[in-house]
Structures are given as structure tokens and as C-alpha cells.
Amino acid sequence: MQDPLAVVFFAGLLHAPSFASAGAIGREDEQGNLFAERGCCRRQSRFLHVGHDVSGSPVSVDIGKCRSSCLSQRVSSPHPGLPGLSRQSSVLDFLRSKKLQVRRPDSPLQPAAPRSCPAGSCCEPARVRVERLLLFEGIREVEVVEGCHCSTCPEECLRLPALKTFFPDSPWEVTVDVGKCSDPAYSADGLFCLPTKFNAALVKNPHGGEVVRTLESCEMKEKCYRVSQVEYYYEMVHSSAGRREERLKEIDVGRCLGSCSSGDPCLLGESPGGEKCLVGAEAAASRCAPHRYDVHVFRSRRDGVRTVVAIRQCKCRG
């Protein structure tokens, strides 16, 4: 006669692998639906002080921003000695815990918050509208993020679509693809994907119309760089027969674009190698300005000598 307890135990061993495999499948499904269930790529509030209205009251606008990672959830624990598990009840407790973590570099690092989008995608604005605010200082335009979505982040330098809505909630509402440059994670030799060629679009408004600059192409450039800007002039020349003729002269005068890095103004960081800065200094003023020139001299249609200076190279200048 068989022992009933042994039969039950043996049946449990037979069914145990199926339970384990079901649990593994469930974890894979949960990992695959992580981004869909959490919905981390969403718009977050970000208020910007833009000035004062005509009555003198301060005006702040929620311009919004897109999450780059999911919000990390802290788990409360009855063991205050475990870093990252205790829930601080005050700012003083938080500072004390940060001080202890700095003193104990061998403590296990806290896992980073999961990304808001899957690998190869970025959480970026899906829609942006331009709000015109009548302030005491005059009219100011503010770009407001309306929604966010996961979009592909190409590894090469490309021009990507970027939709911007002008005059929202009015008879003149129009959406224009102003374009933007991709942001490759890897940049060789200090080069960055930056705009190099522009176009223009005419947008109607209550006062007739205005010109909106749109991006046409991007290239890998240094942060401070020169772009082409062609100007046209009338030039008086003499032909081989000795006749005085008028000719259209084209000169690429160029212009400087980009920004200049002024070093790291952070004096005290949250932790060694951390991204958050606790105490910062005012960065030294530096701008992208012309560095070398070419001089074009010609005779204008009024028989005067005209000189046009064209930018050959741009450089950061303090």
C-alpha cells in the first residue's frame, strides 16, 4: 500500500517545472509590456517665470517637458541602516543619509530608474504650440509642450520632423514642420549634429503674415561653426569691347552659429561623478563670433567703391 503523503509529494515534483516555466513566461510578458503598462513617456509639468502682466502680477507658464526615465519608487523598510530603502521624514534626514552614502563608497549602488522608452527610442515632444503672451515688457513667445511620445533616435546625423503650431485656438491656427537635428549618442572628434541650411515658411496672422524659419539640413560640426549666407550686389564692370556693363555679384558672407562651452561651473556635486549640481558658479561669458574674414572690393552701380566683409571662420571668443 502506498503512502498518501509520498504520492502527493511526487505529484508536486512532476508539476513543479510547469509552474516554474509559467512564472518565467509571465515575467517575460511583464518585461515586454513594461513601457505600455507604466506609460512613462508622458508630459511633466515645468513652470517657467516669463515676466509680469500689465497689472504687475508675475506670470508663470507650464511649458512642460518629456520624461527621460520612469519615476523611481522607493520601498519603505523598517531597517534604516539599508541605503536607498528608508523613507526620509525630513530634509535633515535626507541630507544625513546622503552623507552616510558618500562616506560608504563600498555600499551597493541603487539601481537606475528604467528608461521611459525602449532601447533605440527617445521620449520627445509630439506636439509643441507657440503661445503669445502680452506682458508688461511687451509680447513674448513661449513654446509649450503639449504631448510626448517615443520616437526613434537615429545614430547618424539627420534632419527630423518637428511639428510646431502657431496661433492655437484661433482662425489663423497652422502647424508647420520646422524640423530639428538628431542627437547621436556618439560624436567623433568633438563634432555634433547641428543645423546648417535653413528655409522659410510664410505664416498668416491677424496683421498680414510673418516668416517662420525652418530647418532644411544638418551636418556634423563643432559647437561654434560657420554657415553659408549668400548676399547679392550689383557690380559695374567693363567688357572686352570696353563697354560698361552691370553684373550681379554673389558673395557668401556667412554667419556664425552655435554655442560656446565655458567649462564646468559646478563647484559641489551631489556625488563624485554625479550629474546633479548642488552649488554652482556663474559661467564666464563666451560667444560664437567671427574669427577670420575675406574682403571683397568692387565698384557699385553708383560708381562708388564698395567693400563687403565675408566671414571665413568662426571661433568662441570671451
Side-chain angles (χ1 to χ4, degrees), residues 33-76 84 87-95 97-98 110-153 160-170 173-183 185 212 259 265-266 268-271 274-280 282-283:
N33 296 330
L34 178 66
F35 301 102
E37 290 177 0
R38 294 190 178 182
C40 298
C41 183
R42 292 182 179 178
R43 181 191 189 274
Q44 278 185 306
S45 293
R46 180 189 176 192
F47 288 87
L48 176 67
H49 175 69
V50 294
H52 298 78
D53 60 15
V54 292
S55 66
S57 301
V59 177
S60 295
V61 180
D62 182 8
I63 61 175
K65 67 176 182 178
C66 296
R67 294 179 181 176
S68 59
S69 60
C70 302
L71 297 178
S72 57
Q73 298 178 352
R74 291 181 178 269
V75 182
S76 59
R87 188 183 297 273
Q88 289 82 16
S89 59
S90 66
V91 177
L92 183 59
D93 294 337
F94 173 76
L95 294 176
S97 66
K98 296 297 292 182
Q110 205 172 0
R115 291 169 50 89
S116 57
C117 290
S121 298
C122 303
C123 186
E124 296 182 343
R127 299 177 304 276
V128 175
R129 71 175 187 270
V130 179
E131 293 284 356
R132 292 198 168 195
L133 306 174
L134 179 58
L135 304 177
F136 184 80
E137 299 85 359
I139 296 179
R140 178 173 177 180
E141 291 187 349
V142 180
E143 295 185 1
V144 178
V145 175
E146 290 187 332
C148 305
H149 66 165
C150 291
S151 62
T152 305
C153 295
L160 301 177
L163 302 180
K164 190 177 292 186
T165 301
F166 298 88
F167 306 106
D169 301 324
S170 75
E173 178 175 329
V174 62
T175 301
V176 179
D177 180 10
V178 296
K180 64 179 179 179
C181 292
S182 62
D183 187 16
V212 175
S259 58
C266 186
L268 177 62
E270 184 181 22
S271 61
E275 296 181 357
K276 189 173 182 181
C277 181
L278 300 179
V279 180
E282 186 175 356

Approximate separation, where rounding is to 0.5 Å, of [X] [atom1] and [Y] [atom2]:
{"X": "S151", "Y": "L160", "atom1": "OG", "atom2": "CG", "result": "7.5 Å"}
{"X": "S60", "Y": "R46", "atom1": "OG", "atom2": "CZ", "result": "12.5 Å"}
{"X": "K65", "Y": "Q44", "atom1": "NZ", "atom2": "CD", "result": "5.5 Å"}
{"X": "L134", "Y": "I139", "atom1": "CG", "atom2": "CD1", "result": "6.0 Å"}

SG to SG, are [X] and [Y] under 2.5 angstrom apart?
{"X": "C123", "Y": "C41", "value": "yes"}
{"X": "C148", "Y": "C66", "value": "yes"}
{"X": "C117", "Y": "C122", "value": "no"}

What closest approach, in Å, do [X] and [Y] show between heavy atoms, and which atom pair accounts for it?
{"X": "H49", "Y": "R140", "result": "O-NH1, 4.3 Å"}
{"X": "V54", "Y": "L135", "result": "CG1-O, 4.4 Å"}
{"X": "D53", "Y": "F136", "result": "O-CB, 3.4 Å"}
{"X": "V145", "Y": "G64", "result": "CG2-O, 4.0 Å"}

Is there a side-chain contact (heavy atoms from CB on, under 4.5 Å) between V142 and V130 once you walk through the steps?
CA-CA 6 Å; V142 180; V130 179; over 6 Å; no
- Message: Run L163 and V128 through side-chain contact (heavy atoms from CB on, under 4.5 Å) and show every step you take.
- Response: CA-CA 7 Å; L163 302 180; V128 175; over 6 Å; no
Quick one: list whatever passes ring pair (Phe, Tyr, Trp, His ring centres under 6.0 Å) with H149, sequence neighbours left out.
->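 For H149, no residue satisfies ring pair (Phe, Tyr, Trp, His ring centres under 6.0 Å) once neighbours in sequence are set aside.
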R129 meets the side chain to side chain contact (heavy atoms under 4.5 Å, CB included) criterion, sequence neighbours left out, with E131, V144, E146, T165, P168
>> Determine whether F166 and V176 satisfy the following criterion, side-chain contact (heavy atoms from CB on, under 4.5 Å), listing intermediate values before the conclusion.
In response: CA-CA 8 Å; F166 298 88; V176 179; 4.1 Å; yes
